[in-house]
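Down below is the structure, laid out as structure tokens.
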Amino acid sequence: MATNCNDYTPAEIEKHWQNVWDTEKTFRAEDFADKPKYYILDMFPYPSGAGLHIGHPEGYTASDILARYKRARGFNVLHPMGWDAFGLPTEQYAIKTGTHPRETNRKNIDNFRRQIKELGFSYDWDREIDTTDPRYYKWTQWIFRELFRRGLAYVDERPVWWCPELRTVLANEEVIDGLSERGNHPVERRNLRQWVLKITAYADRLLEDLQGLDWPDSTKRQQEAWIGRSEGAEITFALPSLPDDQLIVFTTRPDTLFGATYMVIAPEHPLCRKLTTDEHKDAVEAYIQQAVNKSDLDRTDLAKEKSGVFTGSYATNPVNGEEIPIWVADYVLMSYGTGAIMAVPAHDERDFAFAEQYKLPIPRVISGGDDEAQPLPYAGPGKLVNSGPYSGLEVEEAKQKITADLAAQGEGKASVQYRLRDWLFSRQRFWGEPFPILWVSEQDYPKVAADWKPENPVSYEHEGQTLYAITLPGQDLPLTLPEVPAYQPSGTGESPLATIPEWVEVWVHRQSGETLPRAENSDKADDPDWLPARRETNTMPQWAGSCWYYLRFLDPTNEDALVAPEKEAYWGVPDYYIGGAEHAVLHLLYARFWHKFLYDLGITKKKEPFSKLFHQGIILGEDGQKMSKSLGNVVNPDEIIDQYGADALRCYLMFLGPLEQMKPWNTKGIEGVSRFLKKLWREVVGANGALAGKLHEGPEKDAETSRLLHQTIAKVTEDIENLRLNTALSQLMILVNHLGRKNEVSRETARDLVRLVAPLAPHVGEELWARLGGEGSVVYAGWPVFDESKVKTDEVKIVFQINGKYRGEAMVDKTADKDAVLAIAREQSRVAQHLEGKELVKVIFVPGRILNLVVKG
RNA sequence: GCCCAGGUGGCGGAAUGGUAGACGCAGCGGACUUAAAAUCCGUUGGCCGUAAUGGCCGUGGGGGUUCGAGUCCCCCCCUGGGCACCA
């Protein structure tokens, strides 16, 4: 079924084979096939209007090579592709042009699919998914619904990042240095009602299970740091001025309790105003106002000139009864620990800076031995001093003992805190998954059947009323986006959906959970079984759809389950996951969280979604700068394919350097791999289009060729397994260059070569395989078998060194011993010269490698 | 500031502690051609050279371990990434 090209014409050949793959469904992954399964997943793209970026095919080529290699080795490979298609740019475009996001999305996906197909990737297109398809987001909503029912989703009025330009709130992770990650617009704090997912409930498991993952260390470390577990103690300080209240602080250094010379509470701390004496009221009020208005950029800025004011109140140190002044300062965050600290300036850098500024005492309570050599603040190990009965104890010992003693008196307890915060899960946007949630009044809530309620009620205050959240019945999912075009932001901080009363206002049946539009069913007003309710108008963030998509590929069209248990049992989770390091924390942490939740529900049998992970590096522009439109250094895959073909692009992307590394693009460089493909072609196809004349039947006659072939089989196999595709290619180049110099080559050698190249350059691989008389697709033609006997030789090269420097070499019998090799070396004039007049003090012989003569004088 | 990754020819890069620079780009010289393209052959780290199976230097800098270091150890410099008042 080969083409009839005489010359290597990628455009014709690639089109031809892409059609074959499409019509024959060459890459279909067969459920329950008898072969071992192998699931290799790419991070699916956001189909932007700009089309495929050159960075996409980099990772996708690597995974494709692995997928094709695994198929050749007899695996049942699942290699799917889909679209992470909810997202702000599509909505922004809709606002600007009035085009429905669905329309834009369809076009963008069509373009992405075309581009991806033109690269010859071996996806099973029957499993394509789109996160914006109601048949998909039905299950995203379903998962949220389960989270809600189990008390892992709640609402909270909390200060969030509001971006006036984008007219939406952003997650902490979407704000970088006070600017929106998308578009670099300034952001500010606003209090809005938000949905929050209790990812912190999984913090320990997310941390612990990192250990077993075959992931890049740096990524594991980033997640560890993000979760930020720290062990310490909560210590209770009595408040003489407020006998009914207490001040609880979190500290990792209970051992330094005797060194606490002041307390600090966050400006948002609930006791802040209560603790403020009349005398200090004005100053504290002013300070709070200032802190609240400060953006977090200012508050956490590098300059970080510390600031604070005294409240006028004191707290009692539980270990010695000392009265300690309480300050308000914005270097203490309400969102971490208890929002209050005991300040130990001698042994904490931040407290030290503050104490110096406000002239507060800085007594040393830890001695590292030589106090002269250990200026304050000192955070190192040592013994306690000036600490009453604890003086003399080692730091670690004292932590235990003080915590235990406080606990015994009911004035403290051991405590673990996490840097990780709960996940702000709502967005005020149109183009996202609607929440399957209704709000009912406080009076109506008790009337609703328990089936639609969460473990603990979720409520919020709205215009003086308390509203309660209930969920839609599972069979009412998906809750689709309304058809009316309402993607203009409301501007109030509410979602555009809030502007569509026909959609928002419904009747809900208190028993069945059924809903009906309010306006069209006014008769229900008198029916006690029907309660008025409002739909939740926020939508889910873009992360939602990508949190579980890898599971949907196992069973993409199932209408009754997220994934059928037997399919989950067969395919499990991805064996290999390839994608950018920019998702090191967010996507990968959120997906792990959802996965663990689904594990708890029994939907997946694996504790972790991605056992093996690889990050491809970023490809820079030719100028070494990050590719960007404004710099005009963007490489368009379409143009490269037009000029050199997809096989050349794929090979070049892999040849650029180690996959994980950041590396610059060089358009000239693609000539090299393009020449390689042409040479490869000419080894198989003669000038007239028939098989090359130099190919002969039967086994390879040339021992050198045979040796190099088998070396290549070994090297390419190992390199593909480890995604070292740059060196796999150079080895293939070496082999092809060698064959080019030979007048005769076995057809078998050529067939092995073609099978080795096929994962990297699949179109030319298929074409040459067919011309060499191969049966069926090269994809399933098996993998060349490495024969070690072919690379073994009787003679080995020994390098001669004198004092570690190269002074010649010789081929010697591989059984030759030290003395025999030394004798051969001595015969070489160059070696002899360097030995002349010197004393041979030592002979180092590494069989098969080296003979090093150590001489003196 | 803290944590991590990395610094190798003109360029991208290769190298289980064992000939540094594989492979490719670019350059130079040559063959083919009326010419060009394409292709092929040779050459290409620096310095010195009686030009050789020659000598010295050379993997960011400085020390060290070793018969032998790009590779291991210590200190420093630079680049990239992450975190950044998390108590």
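First the proteins, then the strands, lettered A, B, ... as listed; each starts at 1. Predicted, not measured: the structure shown is a model, and the values here were computed from it. As a basis for the values below, the full set of heavy atoms in this structure was taken, side chains included, without hydrogen atoms, waters or symmetry mates.
Residue contacts shown for A/K626 are absent, as no nucleic acid heavy atom lies under 4.0 Å away. Within 4.0 Å (heavy atoms only), A/E349 reaches no atom of the nucleic acid at all. If you check every strand for non-hydrogen atoms under 4.0 Å, A/N726 touches sugar and phosphate atoms only. In this structure, A/I341 reaches the bases: a heavy-atom distance under 4.0 Å links it to at least one base atom across the strands shown. Using a 4.0 Å heavy-atom cutoff across all strands shown, A/I734 reaches sugar-phosphate atoms only and no base atom. Residue A/S335 is out of contact with every strand shown, counting any heavy-atom pair closer than 4.0 Å. Looking at heavy-atom distances under 4.0 Å, A/V854 makes contact with sugar-phosphate atoms alone, never a base. Residue-level contact check: A/R419 touches the bases, meaning some heavy atom is under 4.0 Å from a base atom.
In terms of polar N and O atoms assigned as donor or acceptor, the side chain of A/Q801 comes within less than 3.5 Å of the base of B/G18 in a complementary pairing. One N or O donor and one acceptor, one from the side chain of A/K306 and one from the base of B/C85, sit under 3.5 Å apart.
B/G24 atom P lies 13 Å from atom CG of A/L677, rounded to whole Å. Atom C1' of nucleotide B/C23 and atom CD of A/Q711 are separated by 15 Å, given to the nearest angstrom. Between the NE2 atom of A/H834 and the P atom of B/G54 there is a distance of 9 Å, given to the nearest Å. One can place CZ of A/F352 at 20 Å from P of B/A87, the figure rounded to the nearest angstrom. In this structure, A/K805 places its NZ atom 11 Å from C1' of B/G58, rounding to the nearest Å. B/A5 atom P lies 18 Å from atom NZ of A/K663, rounded to whole Å. The separation between A/I265 atom CD1 and B/A87 atom P is 20 Å, rounded to whole Å. For A/L620 and B/U79, the CG to C1' distance is 12 Å, given to the nearest whole Å.
Using a 4.0 Å cut-off between charged nitrogen and carboxylate oxygen, A/E660 and A/R724 do not count as a salt-bridge pair. The pair A/K399-A/E396 counts as a salt bridge, with a side-chain nitrogen and a carboxylate oxygen less than 4.0 angstrom apart.
With A/I265 as reference, A/I326 is the one residue of A/V249, A/V332, A/I326 to meet the side chain to side chain contact (heavy atoms under 4.5 Å, CB included) rule. If you run ring-ring contact (aromatic ring centres under 6.0 Å, His included) between A/Y652 and each of A/F676, A/Y644, A/W665, only A/W665 comes through. With A/T705 as reference, A/H738 is the one residue of A/R741, A/H738, A/K742 to meet the side-chain hydrogen bond (donor to acceptor under 3.5 Å, both in side chains) rule.
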Quick one: which protein N/O atoms are closer than 3.5 Å to N/O atoms of nucleotides 8-10 of chain B? Pair and distance per line, please.
none

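Distances shorter than 4.0 Å separate none of the side-chain N or O atoms of A/R221 from OP1 or OP2 on B/G82. Side-chain N/O atoms of A/N737 include one lying less than 4.0 angstrom from OP1 or OP2 on B/G24. Dashed line: the shortest gap from a side-chain N or O of A/H347 to OP1 or OP2 of B/A87 is not under 4.0 Å. Using a 4.0 Å cut-off, no side-chain N or O of A/R675 falls inside it from OP1 or OP2 of B/G24. OP1 and OP2 of B/G13 both lie 4.0 Å or more from every side-chain N or O belonging to A/T727. Phosphate proximity of B/C67 to A/K842: present, with a side-chain N or O under 4.0 Å from OP1 or OP2. Remark: A/R741 is not in phosphate contact with B/C40, judged by side-chain N or O atoms under 4.0 Å from OP1 or OP2. Close to B/G68, at under 4.0 Å from its OP1 or OP2, lies no side-chain N or O of A/R849.
Between A/D351 and A/A343, the shortest heavy-atom contact is OD2-CA, 3.3 Å.
The side chain of A/R830 lies closest to B/G54 when the candidates are B/G54, B/U39, B/G18. Of the candidate nucleotides B/C23, B/A87, B/C67, B/A87 has the atom lying nearest to any side-chain atom of A/V332. Candidate nucleotides B/A87, B/A26, B/C67 were compared by shortest atom distance to the side chain of A/K668, and B/A26 ranks first.
Environment of NZ in A/K413: sparse, with no more than 12 heavy atoms of neighbouring residues, nucleotides or ligands closer than 6.0 Å. Dense packing is recorded around CG of A/N688, with more than 12 heavy atoms of other residues, nucleotides or ligands lying under 6.0 Å away.
For B/G45, the paired base is B/C57 (Watson-Crick or G-U wobble, both distances below 3.5 Å). Applying the Watson-Crick and G-U wobble criteria (two distances, each under 3.5 Å), B/G18 pairs with B/C67. For B/U39, the paired base is B/A31 (Watson-Crick or G-U wobble, both distances below 3.5 Å). When both pairing distances are held under 3.5 Å, B/A87 makes no Watson-Crick or G-U pair with any nucleotide shown. Nucleotide B/U79 forms a Watson-Crick or G-U wobble pair with B/A5, both donor-acceptor distances falling under 3.5 Å.
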Exercise. Given A/K306 and A/D330, is the salt bridge (Lys or Arg N to Asp or Glu O under 4.0 Å) satisfied, shown in steps?
Worked result: CA-CA 8 Å; A/K306 288 206 172 24; A/D330 65 6; over 6 Å; no

For this session: May I have the step-by-step check of ring-ring contact (aromatic ring centres under 6.0 Å, His included) for A/W327 and A/Y358, ending in yes or no?
Result: CA-CA 11 Å; A/W327 287 63; A/Y358 293 100; 5.0 Å; yes

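Rounded to the nearest Å, the gap between the C1' atom of B/G61 and that of B/G70 is 15 Å. Comparing the P positions of B/G13 and B/A31 gives an interatomic distance of 36 Å, to the nearest angstrom. Atom C1' of B/C67 sits at a distance of 26 Å from the matching atom of B/C75, rounded to the whole Å.
An anti orientation is assigned to B/G17, its glycosidic angle lying beyond 90° of 0.
Of the two residues near RNA chain B, A/E809 and A/S218, the one whose nearest nucleotide lies more 5' is A/S218.
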